[in-house]
Amino acid sequence: MGVAVSLEPSVKSFVGTPARKMLIDGKWVAAASGKTFDTLNPATGEVLAHVAEGDQEDIDRAVKAARRAFDDGKWAAMRPAERQRLLLAIADLIERHGKELAQLETLDNGKSLNESQNVDIPAAAETFRYYAGWVTKNYGETIPSDPAFFNFTLREPVGVCGQIIPWNFPLLMAAWKLGPALACGNTVVLKPAEQTPLTALRLGELLQEAGIPDGVVNIVPGFGPTAGGALVHHPQVDKIAFTGSTEVGKEIHRETSSTLKRVSLELGGKSPNIVFSDADVEAAVQGAIMGVFFNQGEVCCAGTRLFVEQKLHDQFADTLAKHAASLKVGDGLDPETRVGPLVSQEQYERVTGYLEIGKKEGAKALTGGARAKGLERGYFVAPTVFTGVKNSMRIAQEEIFGPVVSVLPFKDENDAVFQGNNTLYGLAAGVWTRDVSKAHRVARALRAGTVWVNCYNVFDPAAPFGGYKQSGYGRELGRYALDLYTQVKSVWMRI
Ligand code: ADP
């Protein structure tokens, strides 16, 4: 094992004791109940930090603070150039504290420093910077109407937004949520995932340093059914933005019907990554690796169903397995690590449970299929390549959320599209071919919110992202996210 990096002093002081507090109305406070919970380091299973455990009463205080900060009108009516300056300051602060935030993310989530440093943290900064640009460009329209009247539209903020985020990209998901919400003049109660609350809490300090007014962003860590549930049910919340499992997404959809809160949902996936025999095979292998082992496979758009044209199938699966076996698995703080531990014991059990299900269903693990060797503690699963999989098997239909790929053969273009679309989900898909016409046809035929051609897992804050079918609704990123965080007012004037 390589030598782990030494931790920044600011990281050392952020973890351990005392317990981290929650941010309500510009103040760092303990939970009303006084309770705390532990967040663990997935590489060791040891306690990393203690965190205030938010519940109904804390959510109520946070929502009331966000309500006041919205209803007094100062934030929404702030000069756009001034709000833009604040969002740009957040981006700068994230970059300035990049090393520290990356280490904190790796300690809390397990992901490799290589990824947290080069992907999560820079992308979070870029997201705030991108939405800073929109603050001054969020125009309404003038509408042609009877000349006796003047009709125009205003794009107004929705109000108080409850944002519930997952543990796979903790800081980046906070940025995807906060960036557009703040740009449009909303106020927020953010609930980070209970497995990974630390970078969101550190971000709260940076938001204060940037000058975000008290109450505009409140950050309440806690568990899903308690803190998350209280946010979903709170009558003074205007909108819920959720990223997480399809199961919880459906519950939120049901539970918000009584108050008709606006809802946007970014949920699970079982994305097809389709390799035609005319593809650049080496690039496709690298793309398949990136598609499924990036972030330990804990990625909602992971290319977990790898369809390979029949005549290329066996050779492709073997090459992929060799590459997968050579990926260095280990503590994320080791700079050589490519695949870190899964986030939690629960996730470890879920993923290894699916490995057993796969074997029982008759799939064969060309590599992996079990705990990573030589790592006695922590939640490490070996990168796994299954063959002998049918698209109807559970491992091909249910989201595993770990470093596990199923390689499946297909006959021709129609078969690839049919099998690719044969899933409840529709978050993303990949296509590998040198035939431009085929690439166009297949990209259009796949029912997914994102299609990558001859690439995978490429993102930009300007490009929309979201799901078809049971992968959710609403589009994050790009100008589309502005629709989630604004409502249109039509104003009539007699002239
Ligand atoms: P996973 O199964 O991958 O942990 P979840 O969908 O359970 O994903 O969690 C994603 C986020 O949703 C987390 O912040 C979690 O606390 C929250 N959450 C879980 N259950 C609920 C719930 N019933 N109501 C509101 N939020 C929830």
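Only this structure's heavy atoms are used, side chains among them; waters, hydrogens and symmetry mates stay out. First listed ligand is number 1; within each ligand, the first listed atom is number 1. These numbers come from a predicted model, not from an experiment.
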Contact between Phe401 and ligand 1, counting heavy atoms under 4.0 Å?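 Phe401 does not count as a contact of ligand 1 under the 4.0 Å cut-off.
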Under 4.0 Å from a heavy atom of [X]: which atoms of ligand 1 are those, numbered in the order shown and with their elements?
X      : result
Trp167 : 1 (P), 3 (O), 4 (O)
Lys191 : 14 (O), 15 (C), 16 (O)
Ile164 : 11 (C), 12 (O), 14 (O), 17 (C), 25 (C), 26 (N)
Ala193 : 14 (O)

Counting non-hydrogen protein atoms only, what is the nearest one to [atom]? Give residue, atom name and distance.
atom                    : value
atom 12 (O) of ligand 1 : Phe242 CE1, 3.1 Å
atom 19 (C) of ligand 1 : Gly224 CA, 3.5 Å
atom 7 (O) of ligand 1  : Val248 CG2, 3.8 Å
atom 5 (P) of ligand 1  : Ser245 OG, 3.7 Å
atom 15 (C) of ligand 1 : Glu194 OE1, 3.6 Å

Check whether more than 12 heavy atoms from other residues, nucleotides or ligands sit under 6.0 Å from atom CD of Glu209, and answer yes or no.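 Atom CD in Glu209 is crowded, with more than 12 foreign heavy atoms closer than 6.0 Å.
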Atom NE2 of residue position His253 - does it have more than 12 heavy atoms of other residues, nucleotides or ligands inside 6.0 Å?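 Counting neighbours around NE2 of His253, 12 or fewer heavy atoms of other residues, nucleotides or ligands fall under 6.0 Å, so no.
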Examine the side chains of Ser471 and Lys270 and answer whether a donor and an acceptor come within less than 3.5 Å of each other.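 Note: Ser471 and Lys270 side chains miss the donor-acceptor criterion.
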Face-on cation placement of [X] at [Y] ring, 6.0 Å and 45° thresholds:
X      : Y      : answer
Arg83  : Trp75  : yes
Arg20  : Phe14  : yes
Lys364 : Phe386 : no

Pick out which of Leu104, Asn109, Leu171 makes a side chain to side chain contact (heavy atoms under 4.5 Å, CB included) with Leu198.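 Looking at Leu104, Asn109, Leu171, the match for Leu198 under the side chain to side chain contact (heavy atoms under 4.5 Å, CB included) is Leu104.
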Sub-3.5 Å donor-acceptor pair from the side chain of Gln470 to the main-chain atoms of Thr246, do we have one?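 No: the side chain of Gln470 does not pair with the backbone of Thr246.
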Under 3.5 Å donor-acceptor, Lys111 side chain and Asn168 backbone: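 Yes, the answer is positive, given that a donor and an acceptor are paired below the 3.5 Å cut-off.
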4.0 Å protein heavy-atom contact status of atom 9 (O) of ligand 1, strictly under: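 No, there is none.
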Are any of the N or O atoms of Gly244 closer than 3.5 Å to those of ligand 1?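 N/O-N/O distance under 3.5 Å: no.
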At a non-hydrogen distance cut-off of under 4.0 Å, which region of [X] contacts ligand 1 (side chain, backbone, both, or neither)?
X      : answer
Glu251 : side chain
Gln347 : neither
Ile165 : backbone

Do Tyr131 and Trp176 have ring centroids that are under 6.0 Å from one another?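 Ring centroids of Trp176 and Tyr131 are no less than 6.0 Å from each other.
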Options Pro225, Gly249, Gly228, ranked by nearest heavy atom to atom 25 (C) of ligand 1, top entry: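 Minimum heavy-atom distance to atom 25 (C) of ligand 1 goes to Gly228.
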